[in-house]
Amino acid sequence: MSRTRSLSDIDIQMDKVIREVTFRILRYNGTGEPPTERDYTVPVKRGMTVLDGLLYIKENLDGSVSFRYSCRMGVCGSCGMIINGKPALACQTQILDLDRDVITLRPMDNYPNIKDLVPDLTNLFEKHRRIKPYIIRPDRQELDHPTREYAQSPEELEAFLQFTYCIKCGLCLSACPTVATDPQFIGPQALGQLARYMIDNRDANFDERCDLVDDVHGVWRCHFAGACTEVCPKGVDPALGAQLVKHYILKHHWFGMKKKVTQLIPETVSGTRREGIPEPPPRTVESTT
Amino acid sequence: MGRFRENRAGFGGWFGGRLGLEKWAYFFQRITGLLIYLYLLLHIVVTGSRAFGPDAWERTMQAVSGPVFRFLEYLLIVVITFHAFNGIRLIVTEFFGWALGRPHRPVYPYRTSLHHQRPLFYTLMVLAFVFLIITAWGFLANP
């Protein structure tokens, strides 16, 4: 006799503790003293993420454990940390997938540590700001008070869309071996975003962007270790962005590469009214324009 | 800022991190680069002995011969071969932007530029290996 599983059966299974896992968290008190490891035992149910485990610890075991989180679904990019030696988002790492009895958690490398698992991401945002992450065009009036859209085909959008998925979690800078020994290196996140604006055909600032990172701590410090792409939780592929930036800079300086910048879509032709079509019913609300 | 506040990975960040082949290639590219540079310095010092006359040159040549230096010489070829063949991959991907694939809509499981360039990486490493076998044969044939 076949037995069909009812929804309540699954609910019971979801509630069952499957295994107990030790969370080994590197605790840092923010005073410059050496951090110490502390163990917490977490009962793990199906579907629990590392972030859920941390929340369990905070609610039931030790309220003083500090970590950043917000959305719990890999959108906000707050809960980046080093889980069992690999930089990852805590909310996107299933505890049962790790399949370990001990999970070690430490704050992301290459960022100043504030407390426990809370890094100071100021460097990341400053580096991002340095590449001017916004569309720059000569027609300022149109940018501030848009009248129409800029023409962009789906293919032209797909050419840079991948890089726009960046959530600024900072995992790439934590994994990058170059940032590890050269803190001034601009970093994969900024280079990926620079590629995004270099490819975007609405941006008219290609020539200046080529010079932005063309220095010793800029794009040429990148040697394609690919660690950034490997840890990126959104598939943004910052390594590809960095290589494309190098390629564009070389093409620009050696072969005078110029970018084709798009213009506003043509003004729509206003329609003419044919004879014999019934009038629409009168307006029910006042027009505001 | 103290060391623990700064939390920088340092040289430890060059390897490990449970990451892929390319990070190891990066690590070995840097190490082999340093070794080649050190060899260059040594090479200048050794050949510079000729400036002190033919006798000094002969004495130096005597000192750096023998099976141990022969083996070290082969290790040098291993180092240079890896650096050169991996360097070809880096030139192709970094300067020309080839073998990387195009930016595309990321759909899980993500297929990234690393996956795209891996066949090139494997091919070059196989070629490097073949090259090393040929040179090893040459070394053994002419002791």
Side-chain angles (χ1 to χ4, degrees), chain A residues 28 30-35 82 84-87 106-114 119-120 158-163 165 174-181 183 195-196 199 219-220 222-227 229-232 234-237 239-248 250-251, chain B residues 1-34 83 86-118 120-121:
Chain A
Y28 174 67
T31 58
E33 288 168 21
I82 298 189
N84 280 353
K86 186 169 184 175
R106 13 183 216 108
M108 285 196 285
D109 286 331
N110 306 333
Y111 295 105
N113 197 353
I114 296 174
D120 180 358
E158 295 251 331
F160 69 85
L161 184 68
Q162 179 171 26
F163 303 118
Y165 284 94
S174 172
C176 178
T178 306
V179 178
T181 43
R196 178 239 177 282
I199 299 169
V219 70
W220 303 112
C222 167
H223 305 300
F224 200 18
T229 293
E230 204 122 1
V231 299
C232 180
K234 306 304 279 184
V236 167
D237 207 345
L240 173 63
Q243 309 328 310
L244 290 179
V245 168
K246 289 177 201 169
H247 177 54
Y248 293 145
L250 286 185
K251 258 172 120 175
Chain B
M1 270 203 300
R3 185 160 66 90
F4 302 113
R5 161 106 175 93
E6 236 172 299
N7 195 28
R8 196 170 303 145
F11 287 104
W14 280 15
F15 50 87
R18 291 173 54 215
L19 293 170
L21 276 173
E22 287 72 22
K23 195 165 173 180
W24 285 108
Y26 169 97
F27 172 68
F28 285 116
Q29 187 77 0
R30 290 202 137 180
I31 296 299
T32 51
L34 283 172
H83 197 83
N86 192 43
I88 292 172
R89 175 181 70 100
L90 293 179
I91 290 169
V92 165
T93 51
E94 294 189 16
F95 292 173
F96 299 101
W98 292 339
L100 289 171
R102 289 166 160 276
H104 58 281
R105 209 175 271 267
V107 180
Y108 198 82
Y110 307 126
R111 194 176 146 73
T112 60
S113 56
L114 297 182
H115 298 103
H116 277 282
Q117 57 87 52
R118 228 158 250 174
L120 173 72
F121 188 26

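Below, all heavy atoms of this structure are taken into account, side chains as well, without hydrogens, waters or symmetry copies.
- Both the backbone and the side chain of L240(A) come within less than 4.5 Å of a heavy atom of chain B.
- Chain B forms the most heavy-atom pairs under 4.5 Å with one residue out of P183(A), A239(A), P87(A), G85(A), and that residue is P183(A).
- If you check the side chains of D237(A) and S113(B), you find a donor sitting under 3.5 Å from an acceptor.
- When the candidates K251(A), E33(A), E230(A) are compared by the number of heavy-atom contacts under 4.5 Å with chain B, E230(A) comes out ahead.
- Sorted by first and then second residue, the pairs that involve residues 93-112 of chain B and meet salt bridge (Lys or Arg N to Asp or Glu O under 4.0 Å), not counting sequence neighbours, are E158(A)-R105(B), K246(A)-E94(B).
- Every residue meeting the side-chain hydrogen bond (donor to acceptor under 3.5 Å, both in side chains) condition with E22(B), not counting sequence neighbours, appears here in chain and number order: Q117(B), R118(B).
- Using a 4.5 Å cut-off between heavy atoms, L90(B) contacts chain A through its side chain alone, with no backbone atom that close.
- Between chain B and the options P34(A), A159(A), C232(A), heavy-atom pairs under 4.5 Å are most frequent for P34(A).
- With a 4.5 Å cut-off on non-hydrogen atoms, P119(A) does not touch chain B at all.
- Taking chain B as the reference chain and counting heavy-atom pairs below 4.5 Å, the highest number among I114(A), D120(A), V245(A), T178(A) is found for T178(A).
- Between chain B and the options I199(A), I82(A), N84(A), heavy-atom pairs under 4.5 Å are most frequent for N84(A).
- Side-chain contact between Y111(A) and N7(B): absent, with no pair of heavy atoms (C-beta onward) separated by less than 4.5 Å.
- The closest donor-acceptor contact from the side chain of N113(A) to the backbone of Y28(A) lies at 3.5 Å or more, if one exists at all.
- Side-chain atoms of T32(B) come within 3.5 Å of backbone atoms of Q29(B) as a donor-acceptor pair (strictly under, hydrogens ignored).
- The contact between Y110(B) and chain A is made entirely by side chain atoms (from C-beta outward), counting heavy-atom distances below 4.5 Å.
- With 3.5 Å as the limit, one finds a donor-acceptor pair spanning the side chains of W14(B) and T181(A).
- Of the two parts of F163(A), only the side chain, counted from C-beta on, holds a non-hydrogen atom closer than 4.5 Å to a non-hydrogen atom of chain B.
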